[in-house]
Amino acid sequence: MSQAPGYEPDDLLHPARVTSVLCGLTRAVARLALAPDDQREYLRRAGVGGSADELALQLEAVVALLEPLEEAELVDPAQAALARRIDQMLDLMSGAEKAYLWEPEALSTAPEWVEVRALAKEFLFLPDPFGGT
C-alpha cells in the first residue's frame, strides 16, 4: 500500500487515519441513536450484553481524537461540538449511584437514554459540511 506523502502511517492526520476516525465517530453516534432493542442486540453481538457502557466507551475513544482534527480543520466544528455534548451527557450518567443506567433494561426506561438518543439523531441529521448528502 502506498503512503501519502508527508505522513507517517501512525500520524493521526494521515488521510487514512482521518477517515477511520470520522467513520468511527459516525458509527459510535449511530449506535447511540438506535432504538433500545437494537442497542441491546448490538451489545449482545459485541459480547458485552450485560452492560450498556460499551456504547459510551466507543464514543469516548473517538471524541478523544477530535482535537487535532479540529485544529487541522478536518472535522466539522458542529459535529465535534455535538459529539462532545453527547459524551459529556454520558459522563454525567456515570458513577456508582447511577450504575442502574448502564443496565440493558435502562436503555428502554431511563429518560437519560431518551435524551442521548435524541442528541445522537440530531448529530446524524447535521448537514454534511463537505457538500455531500
Side-chain angles (χ1 to χ4, degrees):
M1 176 188 265
S2 67
Q3 181 174 312
Y7 294 102
E8 294 297 320
D10 60 345
D11 183 349
L12 184 58
L13 298 181
H14 187 285
R17 294 277 320 268
V18 171
T19 300
S20 179
V21 169
L22 296 178
C23 288
L25 175 63
T26 301
R27 282 192 306 270
V29 173
R31 290 179 189 123
L32 289 166
L34 291 171
D37 287 342
D38 293 328
Q39 288 174 323
R40 280 189 289 276
E41 177 63 14
Y42 169 76
L43 293 169
R44 185 191 67 74
R45 288 183 185 198
V48 293
S51 178
D53 65 345
E54 181 66 19
L55 297 168
L57 292 172
Q58 291 174 355
L59 181 65
E60 179 181 51
V62 180
V63 165
L65 302 174
L66 289 180
E67 187 174 336
L69 299 185
E70 283 181 283
E71 289 172 2
E73 298 181 356
L74 296 170
V75 64
D76 178 48
Q79 289 175 328
L82 192 49
R84 282 194 180 90
R85 188 170 160 206
I86 297 166
D87 188 50
Q88 290 168 349
M89 182 178 296
L90 292 165
D91 283 346
L92 291 172
M93 294 166 56
S94 296
E97 70 283 354
K98 296 181 182 180
Y100 66 94
L101 291 172
W102 301 98
E103 297 295 324
E105 301 77 34
L107 293 167
S108 294
T109 60
E112 292 89 344
W113 282 107
V114 172
E115 192 172 344
V116 166
R117 271 190 291 284
L119 286 177
K121 288 177 186 174
E122 184 179 326
F123 176 97
L124 295 174
F125 283 105
L126 284 172
D128 185 339
F130 305 108
T133 55

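- For Ala118, there are no side chain to side chain contact (heavy atoms under 4.5 Å, CB included) partners two or more places apart in sequence or in a different chain.
- Screening residues 89-108 for ring-ring contact (aromatic ring centres under 6.0 Å, His included) gives Trp102-Trp113 as the qualifying pairs, with residues at least two apart or on separate chains.
- Taking CG from Asp38 and CG from Leu43, the interatomic distance works out to 11.0 Å, rounded to the nearest 0.5 Å.
- Residue pairs meeting the salt bridge (charged side-chain N to carboxylate O under 4.0 Å, His left out) criterion with at least one partner in residues 43-64, sequence neighbours excluded, are Glu41-Arg44, Glu41-Arg45.
- Between the side chain of Ser20 and the backbone N or O of Ala16 there is no donor-acceptor pair closer than 3.5 Å.
- Connection of Val21 to Leu57 is not established within any shared hydrophobic cluster, with ILVMFWY side chains joined at heavy-atom distances below 4.5 Å, either directly or through further cluster members.
- Legend: residues meeting salt bridge (charged side-chain N to carboxylate O under 4.0 Å, His left out) with Glu70, ordered by chain and number and at least two apart, are Arg84.
- Closest heavy-atom contact between Pro104 and Ser51: CG-N, 4.2 Å.
- For Ala46, the side chain to side chain contact (heavy atoms under 4.5 Å, CB included) partners two or more places apart in sequence, or in a different chain, are Tyr42, Val48.
- Atom OG1 of Thr109 sits about 8.5 Å away from atom CG of Leu101, to the nearest 0.5 Å.
- Applying the side-chain hydrogen bond (donor to acceptor under 3.5 Å, both in side chains) definition to pairs two or more places apart or across chains, those involving residues 116-127 are Gln39-Arg117.
- Applying the ring-ring contact (aromatic ring centres under 6.0 Å, His included) test to residues at least two apart or on different chains, none of the pairs has a partner in residues 45-88.
- A heavy-atom distance below 4.5 Å is not found between the side chains of Leu55 and Val116.
- Atom CG of Asp87 is separated from atom CG of Asp91 by 5.0 Å, given to the nearest 0.5 angstrom.
- Taking Glu105 as the reference, Glu103 meet the side chain to side chain contact (heavy atoms under 4.5 Å, CB included) condition, with sequence neighbours excluded.
- Met89 and Val114 fall into different hydrophobic clusters, where Ile, Leu, Val, Met, Phe, Trp and Tyr residues are linked whenever their side-chain heavy atoms come under 4.5 Å apart, directly or through other members.
- Between Ala83 and Leu66, the shortest heavy-atom distance links the atoms CB-CD1, 4.3 Å.
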Donor-acceptor contacts under 3.5 Å from residues 24-37 side chains, at least two apart:
residue	atom	partner	partner atom	Å
Thr26	OG1	Leu22	O	3.1
Arg31	NH1	Gln58	OE1	3.0
Asp37	OD1	Arg40	NH2	2.5

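- The hydrophobic clustering, which links ILVMFWY residues whose side-chain heavy atoms are closer than 4.5 Å, places Leu59 and Leu92 apart.
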